[in-house]
Amino acid sequence: DYETIELNVPGGENQKRTIKTAGGMLAWVGQPSTSIQVGAFYYYYSGFDFGKSIDHPWGSIGGGGFRYRHRPTFHTYWGLVGINEQSMQTYIPYIGFDLYLGKKWSVSALLPWPAISYAPNKHSIYRLGAIYSSSQWVADGDTELDVKSISQVNVGLSYERQLFSMLWG
């Protein structure tokens with residue numbers, strides 16, 4: 001994962017600063033029975049800027065939970081996601097359900113990532129969904145600090161296609 005963000009730095013000679021971050025993820029999933037699936041993940045990221053006066057926060061996101069299959073067309077989800085950005089910790093419940101409406105449509109009323117999916121065939125999926133994200137960055141200007149807090153809900157449409165076997169892209 002790689003991301004860049006631009007900050008306006010008041011009073012600084014260079015009025016814009018760019019922050020670059022990189023991160024990696026570990027995940028585990030298991031299925032102890034035909035009705036229960038469990039999983040956990042951990043994502044760590046860090047900023048880097050090679051010599052500019054930017055306070056690069058590190059951060060991590062981790063979580064775990066399980067899915068219970070009530071019937072083939074209805075599942076419930078239970079879990080917790082934790083976000084740790086230096087001195088700020090946030091916990092978000094991972095709770096909800098998904099309902100399959102025939103073979104082509106599904107609705108995931110899952111907090112914090114709801115989605116509606118359409119699969120026109122067994123090799124393609126279109127998904128309309130939302131995701132919450134938040135972060136904070138501090139840039140050191142010549143006379144003061146500029147703190148940039150970003151909290152937002154992103155809405156997007158994605159397309160996924162089966163490349164081969166269990167690999168999708």
Supply the atom-to-atom distance T76 OG1 to L110 CG, rounded to the nearest 0.5 angstrom. 10.5 Å
Taking the inter-plane angle between the rings of F74 and H70 on a 0 to 90° scale, is it parallel (under 30°), tilted (30 to 60°) or perpendicular (over 60°)? tilted
Between S60 and Y42, what is the shortest heavy-atom contact and its length? CB-OH, 3.4 Å
List the atom of W168, the atom of Q162, and the distance in Å for their closest heavy-atom pair. CE3-N, 3.3 Å
Checking L128 against Y118 for the side chain to side chain contact (heavy atoms under 4.5 Å, CB included) test, could you report, in this order, the C-alpha distance in whole Å, the side-chain angles of both residues, the deciding distance, and whether it holds? CA-CA 9 Å; L128 174 65; Y118 172 68; over 6 Å; no
Please determine whether residues Y91 and W78 belong to a single hydrophobic cluster, defined as Ile, Leu, Val, Met, Phe, Trp and Tyr linked transitively by side-chain heavy-atom distances below 4.5 Å. no
Heavy-atom closest pair (V38 atom, P32 atom, distance to 0.1 Å) is CG2-CD, 4.2 Å
Do I95 and I36 belong together in a cluster built from hydrophobic side chains that touch within less than 4.5 Å? yes
If you take all heavy atoms of N121 and R161, which pair is closest and at what distance? OD1-NH1, 4.3 Å
Hey, could you give me the CE/OH distance between M25 and Y45, rounded to the nearest 0.5 Å? 12.0 Å
Which of parallel (below 30°), tilted (30 to 60°) and perpendicular (above 60°) describes Y159 and Y126? tilted
Could you go step by step and tell me if S35 and R69 meet the side-chain hydrogen bond (donor to acceptor under 3.5 Å, both in side chains) rule? CA-CA 5 Å; S35 297; R69 182 180 185 203; over 6 Å; no
L111 and P93, any side-chain heavy atoms less than 4.5 Å apart: no
Are more than 12 heavy atoms from other residues, nucleotides or ligands located less than 6.0 Å from atom CZ of F164? no
Could you tell me which non-hydrogen atom of R127 sits nearest to which non-hydrogen atom of S117, and how far apart they are? NE-OG, 3.0 Å
Has W113 got more than 12 heavy atoms of other residues, nucleotides or ligands less than 6.0 Å from its CH2? yes
Can you find a heavy atom in the side chain of D98 that is under 4.5 Å from one in the side chain of S106? no
Distance-minimising heavy-atom pair for I92 and I83: CD1-CD1, 3.7 Å
Name the residue from V29, L26, V81 that meets the side chain to side chain contact (heavy atoms under 4.5 Å, CB included) definition with F41. V81
